[in-house]
Amino acid sequence: MTLSVYNTLTRSKETFQTLEKNKVRMYCCGITVYDYCHLGHARTCLVWDVVRRYLKWCGYEVQYIQNFTDIDDKILNRARQEGTSMEAVSEKFIAAYFEDMEHLGVGKADAYPRATHTLDGIKRLVSELEQKGFAYPAEGDVYYSVQKFPEYGKLSGRKLEDLQAGASGRVGVEDPEASKKQYPFDFALWKAAKEGEPAWESPWGNGRPGWHIECSAMVRERLGETIDIHVGGGDLTFPHHENEIAQSEAVTGKPLSNYWLHNGMIIVEGKKMSKSLGNFITIRELLDKFEPMAVRLFILQTQYRKPLDFTEEALATATNSWETLKEGLLFGYQYGKQLGFSIPSNASSQSGELITRFKEAVDDDFNFAGGLAVLFEIAKNLIREGNILVHEGKTKTASQELAAQWQTLIELAGILGFAVQPEETNSNSTGGISDAQIEALVQQRNEARKNKNYAESDRLRDELQAQGITLIDKPGGVTIWNRS
RNA sequence: GGCGACAUAGCCAAGUGGUAAGGCCGUGGAUUGCAAAUCCAUUAUCCCCCAGUUCGAAUCUGGGUGUCGCCUCCA
């Protein structure tokens, strides 16, 4: 089995091969920290984190870097609004980012470089571009000359002529930068300082970096001249990633990344979820209403490249689905003692029919939705076995087999980032009502049932239910119960 | 106008040449005093439309239609 991935650069699925054996260098374009993250950001962070997890599970050593853009007009605007500094705004939303991602169960990248911490690398890169003739200064700004880079447009499949035709009348007449540019699609590498804004010294005067250059500098600094995988939201393909390529490859003469992967957008009522349209829901708002794992399931049940429609109904459905998966994941914690096995081991099996089917699905361009089908099959079966155990007291399936299935389920769920707290099954300990008390009430109810005093029996049943005790009437007048 | 992606049941969604995974919702039966829970069974003769290639296509080719993204900051 080999992993194949859809490479935006070639617009086709390719067999995945690393530069260095068993080692993956991966970079993800992160966020500009001027506000709370919304569901769209969550999709990007979550999907690529799961990709990273999967690669690790496959045996790769993965180096995963994600940046924070902490120099930007939007951050400055926010700082003005709030009467604070750019740093204060950045720090606030970086902290919020980490909180949100922790709630969602998104793992940490190996490093989170920031633009403000990468100034030396950025300036060095701009200088090199200038020396090589790809950049030109203009009144304190420095621009990249896209016409000097023959391959410009190779990632997004655009030609400069097409861009020009399409953008007619739309590109920046009122943009003050436009007049400084030699060509409309040149972009800023460095911007001259404006009154009262943060600025750094440079050979071109005091100023700050443009947006695209930071990623080129960070990749080079942290991962090297060529990396294996560069990922990000599909809306960054052009111009951001196109410009990154132009910047990096003009300097190094080598490919910036062998694979470019892009995730699809979150759609709300037919339109992309975005700040500008105002049709977004922040991760915080979302998690007030839905469980983190339900959100995860909602995201992972659609192939990462496809657009994903956000509706409350879809999240509610995902919540139900998660309940099913969760019950399967709890199986061992619930019945393990009874069946004679304990906590799941950390040993990775990497074998077995179920694992193979999962791997086959996911190896095809990270088809997590296909992989989830395997998890649900296992979960459903374990739930059934668990119910038989509750109702009958025993099951025909060998406990070894059940232990193995559960182990597999835990392992596969772990790759996708699904986890349960075993304590969830023990919430009863705080219930207050003792087993003996329950038994007495059950007795009382059965007496009432015998006497056909159903009003009383139903009252007792409701009373127990209110305390989280579910009664199961079995044939023959036998009643068993469990704490839910 | 240019570039690209997608179109599968009530809803979500896999499946890239061999006769439609999985989830949610629902339905029928068993069981029950009634419920709940559970068990069993069941839910697309067909994959946007038309034409073609093939013994055979949801899957390949051509032509339509529709939806979305990018072309401007954007995950």
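Just so it is clear: chains get the letters A, B, ... in the order the sequence lines come, proteins before strands, and each one is counted from 1.
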Looking at [X], does any N or O in its side chain come under 4.0 Å of the phosphate oxygens OP1/OP2 on [N]?
{"X": "K271(A)", "N": "rG69(B)", "result": "yes"}
{"X": "N320(A)", "N": "rC25(B)", "result": "yes"}
{"X": "K380(A)", "N": "rC24(B)", "result": "yes"}
{"X": "R384(A)", "N": "rC40(B)", "result": "yes"}

Report, one pair per line, the protein and nucleotides 11-13 of chain B atoms (nitrogen or oxygen only) whose separation is under 3.5 Å.
residue: rC12(B); atom: O2'; partner: Q301(A); partner atom: NE2; Å: 3.4
residue: rA13(B); atom: O3'; partner: Q301(A); partner atom: O; Å: 3.4

Between the protein and nucleotides 29-32 of chain B, list every N/O to N/O distance that falls short of 3.5 Å.
none

hbond_proxy N451(A) side chain to rG33(B) base (donor-acceptor, 3.5 Å cutoff)
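By the distance-only test, no, there is no pair.
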Distance-only donor-acceptor test (3.5 Å): side chain R461(A), base rA35(B)
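Indeed, a donor on one side and an acceptor on the other fall under 3.5 Å apart.
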Rounded distance in Å between the P positions of rG33(B) and rG15(B)
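Rounded to whole Å, the distance is 48 Å.
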Remember a base hit wins even if backbone is also touched, and classify I267(A) as base, sugar-phosphate or nothing at under 4.0 Å, heavy atoms.
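Sugar-phosphate contact only.
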Counting any heavy atom closer than 4.0 Å, what does L471(A) reach on the DNA or RNA strands: base, sugar-phosphate only, or nothing?
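Base contact - L471(A) has a heavy atom under 4.0 Å of at least one base atom.
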Tell me whether the guanidinium CZ or amine NZ of K326(A) lies under 6.0 angstrom from the six-membered ring centre of F418(A) and within 45° of its axis.
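No, K326(A) does not sit over the ring of F418(A).
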